[in-house]
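For reference, the structure discussed in these notes is given below.
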2 protein chains.
Amino acid sequence: MATIDDVARAAGVSASTVSYVLSGKRKISGPTRSRVEQAIAELGYRPHAGARALASSRTNVIALMAPLRVGVDVHVIMQFVAGVVTRARDFDHDVLLLTQDDLGGLDRVTSGSMVDALVMMDVEAVDPRVPLLASQRQPAVLIGLPQDPAGLSCVDLDFEAAGRLAVRHLFAAGHRDIALVGSPPQVLDRHTSYAERLLRGFRTQAEASGMSAVVEPCEPTPAGAYRAVDTLLEQAPQTTALVVHNESALPHVLSRLSRHGRRIPDDLAVVAVCPTDVALAQAVPMTSIDLPAEAIGRLAIDMVMARLAGDQPAETRLLAPVLTERASSRVTAP
Amino acid sequence: MATIDDVARAAGVSASTVSYVLSGKRKISGPTRSRVEQAIAELGYRPHAGARALASSRTNVIALMAPLRVGVDVHVIMQFVAGVVTRARDFDHDVLLLTQDDLGGLDRVTSGSMVDALVMMDVEAVDPRVPLLASQRQPAVLIGLPQDPAGLSCVDLDFEAAGRLAVRHLFAAGHRDIALVGSPPQVLDRHTSYAERLLRGFRTQAEASGMSAVVEPCEPTPAGAYRAVDTLLEQAPQTTALVVHNESALPHVLSRLSRHGRRIPDDLAVVAVCPTDVALAQAVPMTSIDLPAEAIGRLAIDMVMARLAGDQPAETRLLAPVLTERASSRVTAP
DNA sequence: CGGCTCCGTCGAAGCGTTTCAACAAGGTAG
DNA sequence: CTACCTTGTTGAAACGCTTCGACGGAGCCG
């Protein structure tokens, strides 16, 4: 491998000049610059990442901690990750992937100076990783909203507003008896913050609008979805609209409803909270509140970079929910 | 941050001794070792990854190139990734995530000495990345099977055998008219190697067994699945069994069949090729040939490590398919 | 024409490890 | 008692880059 000295020699300059051409931190004259650039091209030179990290205390790598256990919301996770990785590349950074359960990984990549910053997905309301993260010198951005951000930046969809929005939409369409098919019980038990926030928004808005609202947690399996639907139709048969916040259960909820002879949207309107592509991949195109996972991932990187660049303080950004009406809640005949 | 010199001072030894304690490359006496270990613990010392990489030309990082575009086979991808990351940790390595389309990324991480080796997913029959990879000095393992591995290691499910196995299973159950609901046309067009291999196995075994076999590519959308099913039932109404190799379309294929009044397995037997958890997440538990993505990911790391450790030559490993019978192809009444 | 400023380039000092050759100290053999 | 291994430890030289202070030369002003 060619080193910076090889390049310097080939270009007839000193190593530091090559470094400055590469970093742009000092002005280099046109002719010199092009000699250096040519030498770089000819030798196929790439700076050694380790050497660079050692000298500059910058690795140009971001750690991303993602929940890789399969099960819930694979699409959402993939889109987050895609957003993070591609946006990081825009800033000339790479992404080191950590699994959610690798608690030690935080300290490892951080104290070992492997990364410049961290992005952590799927933060729970009370999350042991948050204090850990807060004590590191690298900046971090949380995707999600813990009870106490401990001085870290956060970004997420405003799930509480999403819950309210879904309810308002159904209210406007004339519904007065609604239900929420929600996250799996164990997700709620973990106090995953998004599940609770959506639930809160759903409840408060329904109450404010004087609607009757029931809530049914739902396992992300066919059987779980069937059970939830069956329970719902039995205990609240007057229900005319559903909010579904459970990506994996969604198709099974729909098929169970159709098995019960409930037509969508004629007998029952449905609003889903999920990525747009999931909403469109259902038997009936779903009215949905988009979970803009890729955009959030990108935004997380923007926030990380802002903190790396300057003296930005930590900030929390909640994205306003957007509802797109599709066939599943369209008012069909007047 | 504490450095190795701090530790050395605290333990009353030289820096090299600390290094040797850490690496175990030389014998260190018991007392010395424990003094050093205690100093490390007290100072919370972590070696600086960059410095280490510079001095040893080893980063303990593996690059993983994964297709992050959402669409096909999200589950499969996630499981691969999970397998790779967790297994890499067993070898004290971390994973740097590259996107499929980041062609330049190969050269960047490789020439920049950011990683010790690479794992590349979703390799196509003729893949521009393969020659690129082959020209780097870091070892690489491909998940998939290109026409010309160019001296790289490969690992994958033996899709051709899987195709044959599915057909043999159906033959044994008495079926003589079968069909394959396959990958999306654009996947076949890309000559994604697994799609073609499964197809080949399916065709040759059907021919060998004297069965009539039709093939229908299928978009990974509800509409695509409906279209495929409709076409199939119209053009080959005598079909009594289906092989489905298309994770995203699977639920829609099933629901369309039921819409057409075909009951599973009584009117139509179905064998799916997909991860077990996907097979179990359908309305009817599917007889399936498992796509052991996580295991393949782990295996890829084992192979990478073998090559890093020694002088193992490149090898190709195809995993034998395993079929698990479930409700969707069970012979119900005699 | 002397003194200043500004511009572009350079030399050298780190950055924190690993690793090799060398070296004391103690043990064994002759 | 000397010569020679062994064993455990050390010092110093890389590894390849960034960055700071310095420096020579050109241009400007008075």
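The figures here come from the full heavy-atom set of this structure, side chains too, leaving out hydrogens, waters and symmetry mates. In what follows, every chain begins at residue 1, and chains take the letters A, B, ... in the order their sequences are listed.
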Nearest-Å distance, CZ (B/Arg52) to C1' (C/dC15)? 16 Å
Which residue lies more 5' along DNA chain D, comparing B/Ser14 with A/Ala2 via nearest heavy atoms: B/Ser14
Is any N or O donor-acceptor pair between the side chain of A/Tyr20 and the base of D/dC17 shorter than 3.5 Å? no
Please say whether more than 12 non-hydrogen atoms of neighbouring residues, nucleotides or ligands are located less than 6.0 Å from CZ in B/Arg317. no
Could I get a table of every N or O pair under 3.5 Å where one atom is in the protein and the other is in nucleotides 22-28 of chain C?
none

If you compare every side-chain N and O of B/Ser23 against the phosphate oxygens of C/dT19 (OP1, OP2), does one of them come in below 4.0 Å? no
Can B/Asp127 and B/Gln147 be counted as having a side-chain donor-acceptor contact under 3.5 angstrom? no
Rounded to the nearest Å, what distance is computed from the NE2 atom of residue A/His48 to the P atom of nucleotide D/dC15? 11 Å
Give the intermediate values and the outcome of side chain to side chain contact (heavy atoms under 4.5 Å, CB included) for residues A/Val84 and A/Arg298. CA-CA 5 Å; A/Val84 165; A/Arg298 278 199 304 269; over 6 Å; no
Among the nucleotides C/dT17, D/dG16, C/dC10, whichever has the atom closest to the side chain of A/Thr3 is D/dG16
Would you kindly give the CZ-to-C1' distance between A/Arg58 and C/dG14, to the nearest whole Å? 19 Å
Within the pair B/Ser29 and D/dT9, is there a side-chain N or O less than 4.0 Å away from OP1 or OP2? yes
Contact under 4.0 Å: B/Lys25 side-chain N or O vs C/dT18 OP1/OP2: no
Do A/Ile301 and A/Arg89 have side chains that approach each other closer than 4.5 Å (heavy atoms only, starting at C-beta)? no
Side chains of A/Phe91 and A/Val304 in contact at under 4.5 Å (non-hydrogen atoms): no
Do B/Thr17 side-chain atoms and B/Val13 backbone N/O form a donor-acceptor pair below 3.5 Å? no
Strictly below 4.0 Å: does B/Ser19 bring a side-chain N or O up to OP1 or OP2 of C/dT18? yes
Nearest to the side chain of B/Ser16 - C/dT19, D/dC17, C/dG16? C/dT19
Is it the case that B/Ser193 and B/Arg197 place a side-chain donor and acceptor less than 3.5 Å from each other? yes
Can you list everything that forms a side chain to side chain contact (heavy atoms under 4.5 Å, CB included) with A/Arg46? Sequence neighbours excluded, please. B/Asp107, B/Arg108, B/Ser111
Taking OP1 and OP2 of C/dC10, is either one under 4.0 Å from a side-chain nitrogen or oxygen of A/Thr17? yes
Students often get this wrong, so: under 4.0 angstrom with heavy atoms, is B/Arg46 touching a base, only sugar-phosphate, or nothing? sugar-phosphate
Using whole Å, report how far CG of A/Leu43 lies from C1' of D/dC17. 16 Å
As a test of reading the structure: which of C/dG11, D/dG8, C/dC15 is closest to the side chain of A/Leu54, going by heavy atoms? C/dC15
d(CE, A/Met1; C1', D/dC17) in whole Å: 16 Å
Measure the distance from CE on A/Met114 to C1' on C/dG16 and round it to the nearest whole Å. 15 Å
What is the distance, rounded to the nearest whole Å, between atom CD1 of B/Ile4 and atom C1' of C/dT18? 8 Å
Between P on C/dT17 and CG on B/Asp5, what's the gap in Å once rounded to a whole number? 8 Å
For the side chain of B/Ala55, starting at C-beta, report the closest nucleotide among C/dT17, C/dT9, C/dC10. C/dT17
